[in-house]
2 protein chains.
Amino acid sequence: MARPTLADVARSAGVSVSTASLAFSGAGPIAEPTRERVLAAAAELDYAGPNPLGRQLRSGRSGIVGVLLGGVLGRSFREPVAVQTLDGLVSTLAELGLGVLLLPAGRGTGAPPPPTETRTDAPAAAAVPNLAATAAMDVAVLLWGANPADEDLIALSRRDVPVINVEGPAIAGNATVSINDRDGFAQLGAHLASLGHTRVAAVTLPFDRSRTSGIADAERLGQIKLDIVRRRLEGLREGGVDPVTVYEVAYSQVEQGVEAGKTLLSGPDRPTAIVAQSDALAAGVVIAARELGLDVPGDLSVTGFDGIDLPWLGETVLTTVVQPLAEKGAAVGRMVEALLAGSEPESVTFDVELRIGTTTAPPR
Amino acid sequence: MARPTLADVARSAGVSVSTASLAFSGAGPIAEPTRERVLAAAAELDYAGPNPLGRQLRSGRSGIVGVLLGGVLGRSFREPVAVQTLDGLVSTLAELGLGVLLLPAGRGTGAPPPPTETRTDAPAAAAVPNLAATAAMDVAVLLWGANPADEDLIALSRRDVPVINVEGPAIAGNATVSINDRDGFAQLGAHLASLGHTRVAAVTLPFDRSRTSGIADAERLGQIKLDIVRRRLEGLREGGVDPVTVYEVAYSQVEQGVEAGKTLLSGPDRPTAIVAQSDALAAGVVIAARELGLDVPGDLSVTGFDGIDLPWLGETVLTTVVQPLAEKGAAVGRMVEALLAGSEPESVTFDVELRIGTTTAPPR
DNA sequence: CGGTTGGATCAAATCGATTCGATACTCGTC
DNA sequence: GACGAGTATCGAATCGATTTGATCCAACCG
C-alpha cells in the first residue's frame with residue numbers, strides 16, 4: 001500500500017486537490033470547517049503532509065542552503081573556527097526553516113584526492129558526482145574560501161545559485177562576510193611592540209592547499225596564495241612588528257602549533273614572542289613552550305587569533321583577537337534571507353577586538 | 001532569460017527529450033554521436049545539467065541523508081565525539097554521492113526552547129516548520145539518541161523514512177550502530193582495581209536532557225534516562241569498581257570536566273581515581289588536578305573514554321578506551337547504501353579497546 | 001529473401017505538489 | 001429585485017525531469 005498523496009486526501013475529504021493544498025499551505029482563503037475536514041481526512045489516511053519533492057519542484061525552492069567546506073573536508077571539522085561558524089549558521093538558518101546541506105568541496109579546489117586504493121578494474125574516474133554541481137540548493141555558502149576558478153563555483157554560477165563567501169577572496173558578484181583581521185593583527189603588533197619585543201616569530205595558516213609545513217624561506221614567502229595569510233602578516237607589520245621567522249603549518253590545529261613551537265624555540269636566536277594566526281596554533285605553541293621548560297609569558301610571549309574557547313590551557317588566558325563567530329553565522333543567515341527574498345545582500349566586515357590575557361609580557 | 005531546460009537542449013540538438021535525458025543519465029542505450037550532439041547543444045545553451053528538483057520528484061530519491069543531532073544543536077558541535085562521527089559520516093556518504101542535511105532536533109526532544117525574546121505581537125508558536133518533518137530525505141540518521149516518543153521520529157516513520165540510530169536506545173524497526181561500551185568500562189574497572197584503587201569517583205554524561213550538573217544523590221541516580229550512562233556505570237561495577245561518588249555533567253566538554261574535577265577533589269575523602277565517561281571530561285579532570293597542585297597519576301589516576309585526539313595535554317597520554325569513530329561513520333554509510341538498495345541493514349556493535357596511558361598508576 | 005533480433009529513438013505517462021484564472025455563491029446595498 | 005463586491009472552491013496548467021512501451025531500421029541468420 002503506497003503512501004497517500006494529496007489527491008487521496010482531497011478525494012477522501014470531498015474537496016478538490018487545490019483546496020486540499022490550501023488547507024496545508026495556508027496560502028489563500030479557506031473556510032475553517034473545510035480546512036478541518038481536510039486535516040481530519042489526512043489524519044485518517046495517515047498522510048504525513050505534502051511531499052517535499054513535489055512542493056519543491058513546483059515552487060522552485062528547495063529550502064536548502066549548501067555549505068561548501070573548503071579544503072579537505074575531514075579537516076574542516078577539526079578546525080574550531082570552522083565548526084563554530086557552521087554552528088552559528090545552522091541555528092540561524094533553522095529558524096528560517098532552512099536546512100544546511102554539507103558539501104565536500106570537489107576536486108576542482110585542488111584538494112588532494114583521497115588516498116583510496118584505485119582498483120584498476122574500476123572505470124577510470126568513477127562517477128562520483130560532484131555534489132556541489134548536482135545537489136538541490138537555493139543558496140550556497142562558501143566557508144573558508146575557494147579559488148575563483150573553482151570547478152564548483154563555475155557550476156554554481158551556471159545554475160544561477162547565488163553564493164555567499166565567508167572569509168574568502170572577493171569574487172565578483174558574491175556577497176562576502178569577512179572580518180577586519182588586518183586591523184586585529186596591527187593591534188597585536190602594536191601591543192607586542194609596546195612591550196618591547198623585537199625578535200618575533202610568526203606561525204601562519206597554510207599559504208595554499210599544498211599542505212606544506214615548516215619555516216618559509218624568502219621564495220616560499222613570495223608564493224602566499226591565500227589572501228587571509230598575507231593580510232594578517234601585513235597587519236602585523238603595520239602594527240610595528242616584522243617577524244624574523246615565519247613558520248607555515250598545514251592545518252590550523254593544536255598539534256601543528258606544538259610542532260611549530262618546538263621548531264621555532266629550539267633553533268638559534270630564540271624569539272621572545274610568537275604570533276600565531278589562530279588560537280589553536282597559539283595553544284600548541286604554549287604547550288610546546290611548557291614542554292621545553294620555558295615560562296609563558298616570562299620567557300616567551302604568545303598571541304593567538306579568533307577568541308575561541310580554550311579550556312585546556314587551564315588558568316592561562318591567551319592574549320588574542322576576538323572575532324564575532326556567532327555574529328558571522330547570523331550575518332550569513334540574514335544574507336540568505338535577503339537572497340531568497342530577491343534582494344541583493346550587502347557585504348559586511350566585522351570589527352575585531354584585542355583581548356589581552358596572561359600570555360604576553362615584556363621580554364626578559 | 002530563464003535557465004534552459006532539458007527540453008530546450010533536446011530541441012536545439014534535434015532529438016527528443018527522452019533521448020536528451022539518456023545522454024545525461026547514461027541509463028539506457030544511446031549512440032555516441034547522438035550523445036555528443038546533445039552535450040554540445042547543452043554547452044552551447046550553457047545548460048548546467050538536469051535540474052535536481054525534477055529528477056528527484058520523478059525518481060522519488062532526493063540523494064539526501066538527514067542527520068538529526070540530538071539535544072541542543074549548538075552543543076553537539078562542541079562535543080568532539082559528535083563532530084568526529086559526523087565527519088566520518090559526511091566523507092563516507094559523499095563517496096556515495098549523497099549529501100548530509102543537518103537537522104536541529106525539534107521541540108519534541110525536550111530540548112529547552114532557544115532563549116529568544118518572545119514578541120507578544122507575533123503569532124503564538126510562530127510557524128517555524130519542523131525540518132525533520134518537512135525536509136526531503138531518503139534516510140535519517142539519529143546521532144546521539146532520541147526519545148522513541150520523539151515528535152520527529154513519529155513524523156519520519158509516518159513518511160516511511162528509514163532511520164539509523166547511532167548510540168541511541170534500541171527502537172523497534174531501526175537499524176542501530178553502537179559500541180560495546182559496557183565491556184570497555186569493565187576493562188577500565190578491572191585495570192583500576194588491579195592497581196589497587198578502591199576510592200573511585202565517576203564523572204558521567206548527562207542522565208537526561210534536563211542539563212543538570214553536580215554530584216548525584218541516591219534519588220537522582222535512580223533517574224538515569226540515558227541507557228548509555230547507566231550501561232557504562234554498570235560496566236564499571238562489572239570490572240570490580242563501585243564508584244563512591246557520581247558527578248553528572250550537563251555537557252561533555254572540557255570545562256565541565258574541570259568543574260567536576262575541582263568539586264570532587266576538594267571534598268572530603270578525596271578519591272584516588274576518577275573515571276570519566278568521555279575523554280573531554282577526563283581532560284578537564286586532569287587540568288583541574290594540576291591546578292590544585294595534584295600530580296597525575298601520582299596523587300590521582302584519571303581515565304577517559306572515546307580515544308579522541310587530545311593534543312592539549314602535552315606529553316600526557318590519557319588512559320582511555322578507544323572506540324572506532326571513523327568506522328562508525330563508515331558503518332552508517334554502508335547501512336544507508338543497503339537501505340537505498342532496498343535491503344534491510346543489520347545492526348552492528350563495535351568492540352572497543354583499552355589503551356593504557358600515563359594517567360593511571362597505583363594509589364599512594 | 002523472409003524472419004528475427006536488438007540497438008537507437010521517440011511520444012506519452014508520470015512523479016506530487018502549487019498556482020492561476022474562472023466559477024459559484026453569499027451578503028449587503030441601492 | 002438587480003447589481004457589485006468579496007469569499008470559497010475548483011479545474012487545469014505547470015514545474016523539469018525519468019521511465020515505460022512502442023516504433024523504426026539495420027544487421028544477421030537460416
Kindly list each side-chain donor-acceptor pair under 3.5 angstrom involving residues 28-39 of chain B, sequence neighbours excluded, with atom names and distances?
{"residue": "B/Arg37", "atom": "NE", "partner": "B/Ala13", "partner atom": "O", "Å": "3.2"}

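Taking the side chain as every heavy atom from C-beta outward, A/Leu101 and B/Ile64 approach each other to under 4.5 Å.
Proximity of a side-chain donor or acceptor of A/Ser343 to a complementary backbone N or O of A/Leu339 within less than 3.5 Å is not detected.
Between the two ends of the helix from C/dC1-D/dG30 to C/dC30-D/dG1, each summarised by a five-pair axis, the helix axis turns through 50° (rounded to 10 degrees).
The ring-ring contact (aromatic ring centres under 6.0 Å, His included) contacts involving residues 34-65 of chain A comprise A/Phe24-A/Tyr47, where partners must be two or more places apart or lie in separate chains.
Note on B/Leu57: a base of the nucleic acid sits closer than 4.0 angstrom, heavy atoms only.
Of all heavy-atom pairs spanning A/Met137 and A/Leu156, the tightest one is CE-CD2, 4.0 Å.
A/Ser18 and A/Ser16 share a side-chain donor-acceptor pair at under 3.5 Å.
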Practice task
I would like to know whether A/Glu337 and A/Leu96 meet side chain to side chain contact (heavy atoms under 4.5 Å, CB included); could you show each step before the answer?
Solution key: CA-CA 8 Å; A/Glu337 208 171 0; A/Leu96 297 173; 3.4 Å; yes
Exercise for the section: Under the side chain to side chain contact (heavy atoms under 4.5 Å, CB included) rule, what do B/Val177 and B/Glu167 come out as? Steps first, then yes or no, please. Expected result: CA-CA 6 Å; B/Val177 176; B/Glu167 287 303 323; 5.9 Å; no
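We find the CG-CD1 distance between A/Leu68 and A/Ile164 to be 12.0 Å, quoted to the nearest 0.5 Å.
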Between the protein and nucleotides 18-21 of chain D, which nitrogen or oxygen pairs are less than 3.5 angstrom apart?
{"residue": "D/dT18", "atom": "OP2", "partner": "B/Ser21", "partner atom": "OG", "Å": "2.4"}
{"residue": "D/dT18", "atom": "O2", "partner": "B/Arg58", "partner atom": "NH1", "Å": "2.9"}

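The span of DNA chain C lying next to chain B, judged by atoms under 4.0 Å from heavy atoms, is bounded 5' to 3' by C/dA8 to C/dG16.
Applying the side chain to side chain contact (heavy atoms under 4.5 Å, CB included) rule to A/Ala136 yields the partners A/Ser62, B/Pro52, B/Leu53, B/Gln56; only residues at least two apart in sequence or on another chain are considered.
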